[in-house]
Amino acid sequence: MSADGETGHDMKHQDIALLLAEAADGVQIGTAPAQALLRGGRRRRARRRAVATAAALVVVGVTGALAAGGLPGGDGGRVAPAATQSPTASPTLFQPHGRTTLATGTDGGKEWRVTIDVWPAPVDAQEAQAMMDAMAEYGETPTAVRTAAELVGRSAYFVHRGTEENGVGWEHLTLSSMTTRDDHMAGKDIDAFAVPLDPGSLGPDRLVIGHVAKTARQVTCTWEDGTTSVVRKAPADTETATDDPAIRPAEGSPYNWFVCLAPQGTEYRSAEVTG
């Protein structure tokens with residue numbers, strides 16, 4: 001008989017021996033039936049667990065091979081260990097949406113600018129405290145709240161102004177407030193604030209900063225000498241230079257914003273939505 005034939009013959013005997021062993025294993029002379037059933041159940045569960053584990057290993061192996069070698073850029077079936085895969089970076093929550101420049105210009109040879117920071121609304125007291133701490137690092141502290149918990153569900157904004165003569169940092173905090181999801185403006189609603197252009201000056205109140213409904217297309221500022229300045233809404237699809245007065249959005253704010261500057265020698269009288 002050939003070597004292959006002998007091997008086949010031995011395998012048949014081994015198979016029969018295994019079957020007989022399993023059959024004999026199920027018959028325990030002198031053992032209570034309940035105990036035999038329990039042992040048989042444990043053996044069957046052990047076999048099922050072994051089969052399940054082997055199947056899971058096969059699935060993982062196949063999946064890894066497909067991920068590494070079955071897609072473009074695969075590396076011949078080699079799979080990098082999970083520990084070497086870099087986690088996706090999550091954005092920093094406690095920072096403003098982004099500083100928006102509302103207006104810039106030159107007055108008497110001095111450059112000036114007005115900017116706004118808008119902070120998102122925290123969802124709980126813990127987040128509110130963390131946001132208060134982050135605001136402090138920006139030098140922005142909401143004055144209308146006594147505890148951090150009062151920030152929950154409320155967005156805060158901080159408007160800064162300054163001239164180059166103010167030195168390092170330029171901008172100084174000019175006004176701040178908070179809004180909620182329900183805050184909105186409509187039609188000709190307007191809030192305007194007049195201050196000296198230079199934060200270190202006591203007057204006159206030439207610089208006007210205000211906000212209006214997002215539908216407002218035009219604001220007219222009237223000065224004490226009877227002259228006026230008109231500010232129109234910046235086109236949504238074009239870049240408008242900040243040294244051109246315009247009504248602009250600020251990310252995170254429910255309002256649009258505008259800035260007017262009175263000519264030298266006069267100051268603010270009124271502002272209204274005229275379009």
Between [X] and [Y], is any pair of side-chain heavy atoms under 4.5 Å apart?
X	Y	value
V230	Q218	yes
F258	H211	no
Y157	S253	no
W257	V212	no
R154	V145	yes
M131	P120	yes
S155	T180	no
H160	L173	yes

Compare every heavy atom of [Y] with every heavy atom of [X], then report the nearest pair and how far apart it is.
X	Y	value
G187	V273	O-CG1, 4.3 Å
K214	P254	CE-O, 3.5 Å
P122	E127	CA-OE1, 3.3 Å
A241	R248	O-NH2, 2.9 Å
I247	A216	CD1-O, 4.1 Å
V152	A128	CG2-CB, 4.0 Å

To the closest 0.5 Å, what do you measure between [atom1] ([X]) and [atom2] ([Y])?
X	Y	atom1	atom2	result
M185	T215	CE	OG1	10.0 Å
R232	D244	CZ	CG	12.0 Å
E272	T228	CD	OG1	10.0 Å

According to the salt bridge (Lys or Arg N to Asp or Glu O under 4.0 Å) rule, which pairs have a member within residues 131-140, sequence neighbours left out?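 Listed by first then second residue: R99-E140.
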Hey, could you give me each pair passing disulfide (SG to SG under 2.5 Å) that has a residue in residues 188-231? Not counting sequence neighbours. C221-C260
Side-chain heavy atoms nearer than 4.5 Å, only ILVMFWY residues, links allowed to pass through others: does that put [X] and [Y] together?
X	Y	result
V208	V259	no
M132	Y138	yes
I209	Y255	yes

Quick one: do L151 and M178 satisfy side chain to side chain contact (heavy atoms under 4.5 Å, CB included)? Show the steps, please. CA-CA 8 Å; L151 272 178; M178 290 179 294; 3.4 Å; yes
Residues two or more places apart in sequence or in another chain: which of them pass salt bridge (Lys or Arg N to Asp or Glu O under 4.0 Å) with R269? E224
Between side-chain atoms of residues 199-207 and protein atoms elsewhere (two or more places apart, or another chain), which donor-acceptor pairs fall under 3.5 Å?
| unit_1 | atom_1 | unit_2 | atom_2 | d |
| --- | --- | --- | --- | --- |
| S201 | OG | G203 | N | 3.1 |
| S201 | OG | G203 | O | 2.8 |
| R206 | NE | A262 | O | 3.1 |
| R206 | NH1 | D107 | OD2 | 3.1 |
| R206 | NH2 | D107 | OD1 | 2.8 |
| R206 | NH2 | A262 | O | 2.9 |

Between T227 and D225, is there a side-chain donor-acceptor contact under 3.5 Å, judged purely by atom types and distance? yes
Is it the case that the side chains of S229 and W223 hold a donor-acceptor pair, with the cut-off being a distance below 3.5 Å and no angle test?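 S229 and W223 do have a side-chain donor-acceptor pair below 3.5 Å.
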For V114, the option from T100, L261, L102, T174 that meets side-chain contact (heavy atoms from CB on, under 4.5 Å): L102
Pair K233-N256, side chain to side chain contact (heavy atoms under 4.5 Å, CB included): steps then yes or no: CA-CA 9 Å; K233 188 174 184 177; N256 279 355; 3.8 Å; yes
Acceptor/donor pairs from residues 188-197 side chains to any protein atom, 3.5 angstrom cut, sequence neighbours excluded:
| unit_1 | atom_1 | unit_2 | atom_2 | d |
| --- | --- | --- | --- | --- |
| D189 | OD2 | A186 | N | 3.0 |

If the condition is side-chain contact (heavy atoms from CB on, under 4.5 Å), which residues does T104 pass it with, not counting sequence neighbours? T101, R113, T242, D243
